[in-house]
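One structure below.
Quick caveat, the model's predicted, so the values are computed rather than measured.
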Amino acid sequence: MAADSLHKQLTEGRAAMRVLGVDPGLTRCGVGVVDGVAGRPLTMVGVGVVRTPADTDIAERLVLVEQGIEQWLDEFRPEYVAVERVFSQHNVRTVMGTAQASAVAMLCAARRGLPVALHTPSEVKAAVTGSGRADKAQVGAMVTRLLRLDAPPKPADAADALALAICHIWRAPATNRLQQAVAAHRRTHRLPDAAVRTLKGSA
């Protein structure tokens, strides 16, 4: 069987998904929506940035981030939300704001019952460019190529949000298979109720 024919059979049964990628931040929160399925061309549906004034109280800024993300969820109706996993950095103030914005994005998705996936920056870079050490310019260039855009999305936060969505679409089949395997294992190796209660009591 020809390689292209086999590839077609493997991908035909998969339904396209719509993913909202969120690159969390207080001043600029990148958002991007991508339609597609692993193994097929992807389509950008929307991209932008939710901005908040730096001189505004932190609580009010978080409300603005929430309102912005809710508007994107209302308009584009994604099936999944992919958020960048926050790592500690030297600038504690910056990472705190990023983590707070990330929590708001996850809250907005969870409130609607949407699955949320967290991807590390290196995972996203590796998925999009092939290298976990790629810089923002390389990520932007590959996002432009993969989505067949005329120019890289600006600012970089917007391109990063699209990269998150692309990463999730490409990683989802493997992730879903792993989750299904774990669920099947739990079903076939279910502990007796008494053992479950014992385990819970010792936790």
Checklist outcome for this item: Nearest heavy-atom contact between Gly46 and Leu162 is O-CD2, 3.9 Å

Next on the checklist: A quick test of your reading: do over 12 heavy atoms of other residues, nucleotides or ligands sit less than 6.0 Å from CZ of Arg145?
Outcome noted: no

Next on the checklist: Please give me the minimum heavy-atom distance between Ala134 and Val139, naming the atom from each residue.
Outcome noted: CB-CG2, 4.5 Å

Next on the checklist: Distance check, rounded to the nearest 0.5 Å: His168 atom NE2 versus Met17 atom CE?
Outcome noted: 5.5 Å

Item to check | Within 6.0 angstrom of Arg133 CZ, more than 12 heavy atoms from elsewhere | outcome: no

Checklist entry - Side chains of Arg51 and Pro155: does their closest heavy-atom pair fall under 4.5 Å? => result yes

Checklist entry - Okay, side chain of Gln71, backbone of Gly68: is any donor-acceptor separation there less than 3.5 Å? => result no

Checklist entry - Taking a hydrophobic cluster as the set of Ile, Leu, Val, Met, Phe, Trp and Tyr residues connected by side-chain heavy atoms closer than 4.5 Å, whether directly or through intermediates, do Ile58 and Leu107 fall within one such cluster? => result no

Checklist entry - Got Pro53 and Leu64 here, is their nearest side-chain heavy-atom distance under 4.5 Å? => result yes

Checklist entry - Would the number of heavy atoms belonging to other residues, nucleotides or ligands and lying under 6.0 Å from CE of Met96 be above 12? => result no

Checklist entry - Which heavy atom in Lys125 sits nearest to a heavy atom in Gly132, and how many Å separate them? => result CD-O, 3.5 Å

Item to check | Residue pair Val128 / Trp170: nearest heavy atoms and the distance that separates them | outcome: CA-CZ3, 4.3 Å

Checklist entry - side-chain contact (heavy atoms from CB on, under 4.5 Å) between Asp160 and Val124: does it pass, once the steps are laid out? => result CA-CA 9 Å; Asp160 288 344; Val124 175; over 6 Å; no

Next on the checklist: Any non-hydrogen side-chain atom of Leu147 less than 4.5 Å from a side-chain atom of Ile166?
Outcome noted: yes

Item to check | Heavy-atom check, side chain of Cys29 versus side chain of Val22, under 4.5 Å | outcome: yes

Next on the checklist: Looking only at side-chain N and O atoms, does Thr27 offer a donor or acceptor that is under 3.5 Å from a partner on Arg61?
Outcome noted: yes

Checklist entry - Hey, is the main chain of Gly140 close enough, under 3.5 Å, to the side chain of Thr144 for a donor-acceptor pair? => result yes

Checklist entry - What are the two closest heavy atoms between Val47 and Pro153, and how far apart are they? => result CG2-CB, 4.4 Å

Item to check | Ion pair check, Arg171 and Glu123, cut-off under 4.0 Å | outcome: yes

Checklist entry - Do you reckon Leu146 sits in the same ILVMFWY cluster as Val45, going by side-chain contacts under 4.5 Å, direct or chained? => result no

Checklist entry - Nearest 0.5 Å, what's the CZ-CG distance between Phe76 and Leu20? => result 9.0 Å

For residues 30-37, dump all side-chain donor-acceptor pairs below 3.5 Å to protein atoms at least two apart in sequence or in another chain.
{"residue": "Asp35", "atom": "OD1", "partner": "Arg18", "partner atom": "NE", "Å": "2.7"}
{"residue": "Asp35", "atom": "OD2", "partner": "Arg18", "partner atom": "NE", "Å": "3.4"}
{"residue": "Asp35", "atom": "OD2", "partner": "Arg18", "partner atom": "NH2", "Å": "2.8"}

Next on the checklist: For Leu26, is there any backbone N or O sitting under 3.5 Å from a side-chain donor or acceptor partner on Thr52?
Outcome noted: yes

Next on the checklist: Working to the nearest 0.5 angstrom, can you tell me the gap between Glu84 CD and Thr98 OG1?
Outcome noted: 8.0 Å

Checklist entry - Would Leu118 end up clustered with Tyr80 when hydrophobic side chains under 4.5 Å apart are linked, directly or stepwise? => result no

Checklist outcome for this item: Note: Gly21 and Leu164 closest approach over all heavy atoms is CA-CB, 4.2 Å

Checklist entry - Taking the side chain from Arg148 and the backbone from Leu42, do they hold a donor-acceptor pair closer than 3.5 Å? => result yes

Item to check | Residues Thr120 and Ser122: side-chain donor-acceptor under 3.5 angstrom | outcome: yes

Checklist entry - If we only count heavy atoms from C-beta on, is the Asp74 to Arg112 side-chain gap below 4.5 Å? => result yes

Checklist entry - Do the side chain of Glu60 and the main chain of Asp57 share a donor and acceptor less than 3.5 angstrom apart? => result no

Checklist entry - Under a 4.5 Å side-chain heavy-atom rule over Ile, Leu, Val, Met, Phe, Trp and Tyr, are Val81 and Val86 clustered together? => result no

Next on the checklist: Is there a path of hydrophobic side-chain contacts, each under 4.5 Å between heavy atoms of I/L/V/M/F/W/Y residues, joining Val19 to Leu114?
Outcome noted: no

